Amino acid sequence: MIIHPQFDPVALSLGPLAIRWYALSYIAGFILFLWLGRRRIAQGNTVFTREMLDDFLTWGIIGVILGGRLGYILFYKPSYYLANPLDIFKVWEGGMAFHGGFLGVVVAMWLFSRKYKINTLKTMDFVAPLVPLGLASGRIGNFINGELWGRVTDIHAAWAMGFPQARYEDLEAAAHNPQWQQWLAQYGTLPRHPSQLYQFALEGICLFIIVWLFSKKARPTGQVAALFLAGYGCFRFIAEFARQPDDYLGLLTLGLSMGQWLSLPMIILGATGFIYFGKANTLNKQGMN
């Protein structure tokens with residue numbers, strides 16, 4: 001079993017100012033978004049200009065932060081924040097949800113499209129391939145922080161990793177499992193899946209390759225966005241089997257996690273949209289003949 005390296009979460013200190021790796025992972029994601037967006041604009045087949053891309057980044061950042069925070073509050077800990085409303089503003093303590101951030105960006109894309117009088121689906125098609133590498137960067141930030149670790153696995157597994165930050169969850173899990181008690185006494189931590197790296201590979205790298213290559217050719221309006229939606233939902237659903245469920249929620253109906261339940265609508269809507277937009281394009285072509 002490998003022990004998590006326990007990186008210093010602070011990348012650089014400048015007097016009282018501390019620059020954290022997690023913040024840098026977000027910045028890297030935004031930089032990758034701009035770089036990829038400019039490449040897509042240079043390739044043509046888009047209504048976006050470089051000025052529009054720069055403008056949208058601001059809209060997107062607001063959507064990610066507001067949506068991610070509200071999503072975490074509503075999806076994961078509504079009762080806690082109802083009892084402690086002032087804690088809603090303590091964003092420095094963590095608490096962001098991808099699915100909430102996704103909805104926030106959808107709203108941002110709709111408002112942005114209204115401003116520029118363009119089809120919202122065209123905006124979504126342009127943005128979708130630019131997102132996965134930013135997600136990958138965020139998962140690296142999670143790994144550096146040693147957070148969002150995975151479920152307990154076999155001590156002899158090649159991927160097994162101990163997370164000292166999971167001490168409380170390790171003690172709780174080992175309380176009713178003699179084998180895990182032995183491992184915990186011997187190694188001081190339980191072997192877990194490094195699920196942040198699984199999500200980096202699936203939601204980040206694999207999803208980027210699939211959506212980017214698919215979008216290089218002209219596609220029916222809405223189909224690239226639908227592919228991203230279904231692809232992310234599928235990869236997140238799979239990765240959740242290795243990720244430790246939130247301790248204050250655990251597993252829900254049918255033994256699925258909150259992340260899996262939130263991903264199911266994405267899979268259904270994405271797959272349905274992919275087929276629908278493809279058929280709609282075919283019907284349009286037939287009508288023109």
Side-chain angles (χ1 to χ4, degrees), residues 20-34 36-37 53 55-78 80-81 87-113 120 123-145 147-148 195-196 199-200 202-205 207-208 211 224-237 239-240 243 246 249 257-267 269-270:
R20 296 178 175 272
W21 285 109
Y22 195 63
L24 291 179
S25 73
Y26 268 75
I27 293 171
F30 296 141
I31 292 173
L32 287 168
F33 181 91
L34 287 175
L36 291 172
L53 174 66
D55 187 23
F56 179 77
L57 182 62
T58 302
W59 290 73
I61 290 173
I62 295 172
V64 166
I65 294 174
L66 291 182
R69 185 60 173 168
L70 289 175
Y72 180 78
I73 292 166
L74 296 175
F75 298 150
Y76 290 92
K77 302 179 76 172
Y80 172 82
Y81 286 105
D87 286 359
I88 292 174
F89 304 101
K90 296 180 180 179
V91 294
W92 57 88
E93 293 182 356
M96 299 283 282
F98 167 80
H99 295 90
F102 169 76
L103 292 175
V105 172
V106 168
V107 172
M109 287 189 285
W110 176 69
L111 293 172
F112 177 87
S113 300
T120 303
T123 299
M124 292 179 175
D125 284 341
F126 176 82
V127 170
L130 316 183
V131 173
L133 288 188
L135 299 179
S137 180
R139 293 309 177 192
I140 290 298
N142 294 144
F143 181 73
I144 289 174
N145 280 352
E147 61 190 9
L148 304 184
S195 55
Q196 314 97 323
Q199 292 186 262
F200 162 80
L202 292 174
E203 305 161 12
I205 305 304
L207 185 61
F208 169 72
V211 179
V224 174
L227 177 63
F228 170 86
L229 191 65
Y232 178 87
C234 287
F235 285 140
R236 177 65 182 266
F237 191 91
E240 284 283 329
R243 178 171 164 172
D246 297 281
L249 286 177
S257 67
M258 176 60 82
Q260 288 173 313
W261 278 112
L262 292 174
S263 296
L264 281 175
M266 298 181 72
I267 298 171
L269 289 174

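Since the model is a prediction, treat every value here as computed from it, not as a measurement.
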Write down the atom of [X], the atom of [Y], and the distance for their closest heavy-atom approach.
X    : Y    : value
E240 : S257 : OE1-OG, 2.7 Å
F75  : G100 : CE1-N, 3.9 Å
S137 : S25  : OG-O, 2.6 Å
Y72  : A97  : N-CB, 3.5 Å
G233 : S263 : O-CB, 3.6 Å
G37  : F126 : O-CZ, 3.8 Å

So [Y] and [X], do their side chains get closer than 4.5 Å, heavy atoms only?
X    : Y    : result
L202 : L207 : no
F102 : F228 : yes
I144 : Y22  : no
Y26  : V64  : yes
F33  : I61  : no
H99  : M258 : no
P129 : V224 : yes
L133 : I205 : yes

Is a side-chain N or O of [X] found less than 3.5 angstrom from the main chain of [Y], in a donor-acceptor match?
X    : Y    : answer
N142 : E147 : no
S195 : L148 : yes
R69  : I88  : yes

Quick check for you: to the nearest 0.5 Å, what is the distance between [X] atom [atom1] and [Y] atom [atom2]?
X    : Y    : atom1 : atom2 : result
L32  : F208 : CG    : CZ    : 8.5 Å
L36  : I31  : CG    : CD1   : 12.0 Å
I267 : F235 : CD1   : CZ    : 10.5 Å
F112 : D55  : CZ    : CG    : 5.5 Å
T123 : L111 : OG1   : CG    : 11.0 Å
D87  : Y81  : CG    : OH    : 6.5 Å

field: Residue list, side-chain contact (heavy atoms from CB on, under 4.5 Å) with I62, at least two apart or on another chain
entry: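 For I62 the side-chain contact (heavy atoms from CB on, under 4.5 Å) partners, ignoring immediate neighbours, are T58, L66.
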query: Do F98 and Y232 pass the ring-ring contact (aromatic ring centres under 6.0 Å, His included) test, and can you show the C-alpha distance, the side-chain angles, and the key distance before you say yes or no?
result: CA-CA 11 Å; F98 167 80; Y232 178 87; 3.9 Å; yes
- prompt: Any chance CH2 of W59 has more than 12 other-residue heavy atoms, nucleotides or ligands included, within less than 6.0 Å?
  reply: yes
message: Under the side-chain contact (heavy atoms from CB on, under 4.5 Å) test against R243, which residue among R236, Q260, Q196 passes?
response: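 Answer after filtering R236, Q260, Q196: R236.
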- prompt: Under the salt bridge (charged side-chain N to carboxylate O under 4.0 Å, His left out) rule, what pairs show up with a residue in residues 129-142, not counting sequence neighbours?
  reply: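 Those involving residues 129-142 are R139-E203.
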- prompt: Step by step, would you call L135 with Q199 a side-chain contact (heavy atoms from CB on, under 4.5 Å)?
  reply: CA-CA 9 Å; L135 299 179; Q199 292 186 262; over 6 Å; no
